[in-house]
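The chains referred to below are lettered A, B, ... by the order of the sequence lines, with proteins before strands, and numbering in each begins at 1.
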Number of protein chains: 2
Amino acid sequence: MTTHDVPGVPAKRQRSARVPADQRRAEILVAALDVFGARGYHKAALSEIAERVGITHQGILHHFGSKDQLLVEVLEYRDATDVADFENQEPPHGPELMRHLVRTARANTERAGLVQSYAVLSAESVTDGHPAQASFRDRFTHLRGLIRDALRDSCPSDGPSDAEVDAAASSIIAVMDGLQIQWLLDPERVDMPYAVGLVIDALLARLGSDHRAGDSR
Amino acid sequence: MTTHDVPGVPAKRQRSARVPADQRRAEILVAALDVFGARGYHKAALSEIAERVGITHQGILHHFGSKDQLLVEVLEYRDATDVADFENQEPPHGPELMRHLVRTARANTERAGLVQSYAVLSAESVTDGHPAQASFRDRFTHLRGLIRDALRDSCPSDGPSDAEVDAAASSIIAVMDGLQIQWLLDPERVDMPYAVGLVIDALLARLGSDHRAGDSR
DNA sequence: GTCTATAGGCGGATAGAC
DNA sequence: GTCTATCCGCCTATAGAC
């Protein structure tokens with residue numbers, strides 16, 4: 001090294017330009033979503049996120065308090081941008097929701113980074129004491145409710161049992177999530193939007209028809 | 001502390017009994033599967049695994065070389081014990097495979113630790129350069145092939161298109177995997193075996209029937 | 001109000017003693 | 001086969017510079 005390493009005068013890091021907190025927080029959230037998705041939450045280093053923003057890792061802790069809290073806010077940010085992709089603030093209802101889910105699967109094939117973040121973080125959330133556990137549990141509860149209502153709308157008369165509708169709602173979410181992992185590992189061999197559409201059609205047909213006559217389970 | 005902390009004589013750890021390598025490796029694999037499931041791969045500490053076996057974490061590195069390699073061997077061990085649960089060494093074929101999948105989902109409700117290990121590790125494997133990436137990609141390719149063949153067996157005449165069968169195979173695996181995460185977060189509200197059975201029935205009906213006449217997609 | 005510097009503690013990896 | 005010793009990298013807390 002050619003610069004002077006005088007003990008009392010450490011090689012000074014170029015000080016970052018002073019930026020308003022709101023803007024800085026937004027920059028950090030974008031970088032964090034990227035790095036969390038690429039490395040997973042536990043392997044991700046605050047210093048890597050900080051480097052992308054041009055500050056030190058202590059700067060992140062100043063804005064977010066802890067790595068756990070940063071994760072929670074990253075997930076909120078992800079959900080916010082996800083709904084903003086579609087014109088309405090509110091997610092669609094009824095049969096339109098099913099088409100929305102297929103469209104989402106199709107859109108996801110163009111944003112592998114976001115898909116990876118979601119897949120890794122949602123699975124990691126089931127580990128003991130994970131900071132995002134409540135966030136994901138609430139998310140799934142909410143989604144199941146939305147889809148359950150939409151399924152009921154599509155099967156008006158002599159509807160299927162509550163158990164069937166609940167299971168179908170869980171399954172539609174599960175297919176979307178499970179396909180993401182297979183697709184990330186082998187994009188050529190997995191067609192996410194087509195498979196999601198197929199399962200939804202099959203479940204709607206099953207719930208709509210009077211299959212119980214010939215049921216042998 | 002009341003014991004003597006003489007500098008030259010550090011409090012000596014009780015030395016473990018010398019155990020044959022094969023036996024020790026097996027003990028480590030059992031403990032590792034447990035800890036990886038409870039904490040996730042990255043959060044899991046070699047020292048915690050070592051403690052259960054009664055050695056230091058360096059002992060594990062002696063037997064497995066690295067934490068990454070330990071994970072790979074843990075997954076192989078898991079698969080080996082999984083097939084041993086059922087009488088035949090070979091997984092069932094044809095329609096019997098579908099019943100096997102539902103039975104597996106039911107059995108999984110009694111072994112949350114194993115389910116957690118699988119869910120966390122399979123999702124983590126999609127991160128950049130993860131040591132288990134090839135292992136999981138091959139696993140999914142193999143499983144899709146098995147299920148694809150079984151679906152064809154169940155729909156003999158004027159069968160559905162290859163694309164439909166492929167998508168159905170991916171979807172059945174995806175439902176099982178995705179349901180595990182929802183179930184781990186909220187066991188009371190998710191019925192894994194019932195939902196898996198529902199999706200399989202719905203897909204079989206869909207692939208078997210001549211739905212294309214009224215298809216509007 | 002925004003950020004950096006310093007220091008402690010833990011986890012993984014390597015080398016060498018017993 | 002197992003241990004001790006040592007290194008480096010990461011998260012976190014505290015203090016203080018601008």
Checklist line | Dot-bracket encoding of pairs in DNA chain C, which uses [ ] for pseudoknotted crossings and | for another strand, Watson-Crick or G-U under 3.5 angstrom | finding: ||||||||||||||||||
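The ring-ring contact (aromatic ring centres under 6.0 Å, His included) analysis of residues 56-76 of chain A, with sequence neighbours excluded, yields no pairs.
Rounded to an integer number of Å, the gap from Arg25(B) CZ to dT2(D) P is 12 Å. Note: CD1 (Ile60(B)) to C1' (dT14(C)) measures 16 Å, nearest angstrom. What separates CZ of Phe64(B) from P of dT2(D) is a distance of 11 Å, to the nearest Å. Regarding Phe36(B), its CZ atom lies at a distance of 14 Å from the P atom of dG11(C), rounded to whole Å. When the P atom of dG11(C) is taken as reference, atom CG of Leu70(B) falls 16 Å away, rounded to whole Å. Atom NE2 in His62(A) sits about 15 Å away from atom P in dA5(C), given to the nearest Å. Taking atom CD of residue Gln23(A) and atom P of nucleotide dG1(C), one finds them 18 Å apart after rounding to whole Å. Summarising the geometry, the separation between CG on Leu71(B) and P on dG12(C) is reported as 13 Å, rounded to the nearest angstrom.
With respect to Asp186(A) and Arg189(A), a salt bridge is recorded, a charged nitrogen being found less than 4.0 Å from a carboxylate O.
Interatomic distance, CG of Leu203(A) versus CG of Leu151(A), reported as 7.5 Å (0.5 Å rounding). The distance from atom NE2 of His100(A) to atom CZ of Arg103(A), rounded to the nearest 0.5 Å, is 7.0 Å. Here the OH atom belonging to Tyr41(A) is positioned 12.5 Å from the OG atom belonging to Ser125(A), to the nearest 0.5 angstrom.
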Report, one pair per line, the protein and nucleotides 11-13 of chain D atoms (nitrogen or oxygen only) whose separation is under 3.5 Å.
from	atom 1	to	atom 2	distance (Å)
dC11(D)	OP1	Ala44(A)	O	2.7
dC11(D)	OP1	Leu46(A)	N	3.3
dC11(D)	OP1	Lys67(A)	NZ	3.3
dC11(D)	OP2	Leu46(A)	N	3.0
dT12(D)	OP2	Lys67(A)	N	3.3
dT12(D)	O4	His57(A)	NE2	3.1

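Met176(A) and Leu101(A) get closest at one heavy-atom pair: CE-O, 3.6 Å.
Scored by the side-chain hydrogen bond (donor to acceptor under 3.5 Å, both in side chains) test, Gln180(B) finds no partners at all (sequence neighbours excluded). Residues forming a salt bridge (charged side-chain N to carboxylate O under 4.0 Å, His left out) with Arg106(B) (at least two apart in sequence, or on another chain): none.
Within residues 117-124 of chain A, no residue has a heavy atom under 4.0 Å from DNA chain C.
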Margin query: If you apply the rule side chain to side chain donor-acceptor pair (under 3.5 Å), what do you find for Arg137(A) with Gln182(B), and how did you get there?
Written below: CA-CA 8 Å; Arg137(A) 188 176 47 240; Gln182(B) 292 182 59; over 6 Å; no
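Applying the 4.0 Å criterion to OP1 and OP2 of dC3(D), one finds that Thr56(B) has a side-chain N or O inside that range. Regarding contacts with the backbone of dG1(C), every side-chain N or O of Arg24(A) stays at 4.0 angstrom or more from both OP1 and OP2.
Cation-pi geometry between Lys67(B) and Phe36(B) is not met: the NZ or CZ atom fails to fall both under 6.0 Å from the ring centre and inside 45° of the normal.
Across all strands, Gly59(A) comes closer than 4.0 Å to base atoms (heavy-atom distances).
In this structure, the side chain of Ser154(B) engages the main chain of Ala150(B) through a donor-acceptor pair within 3.5 Å.
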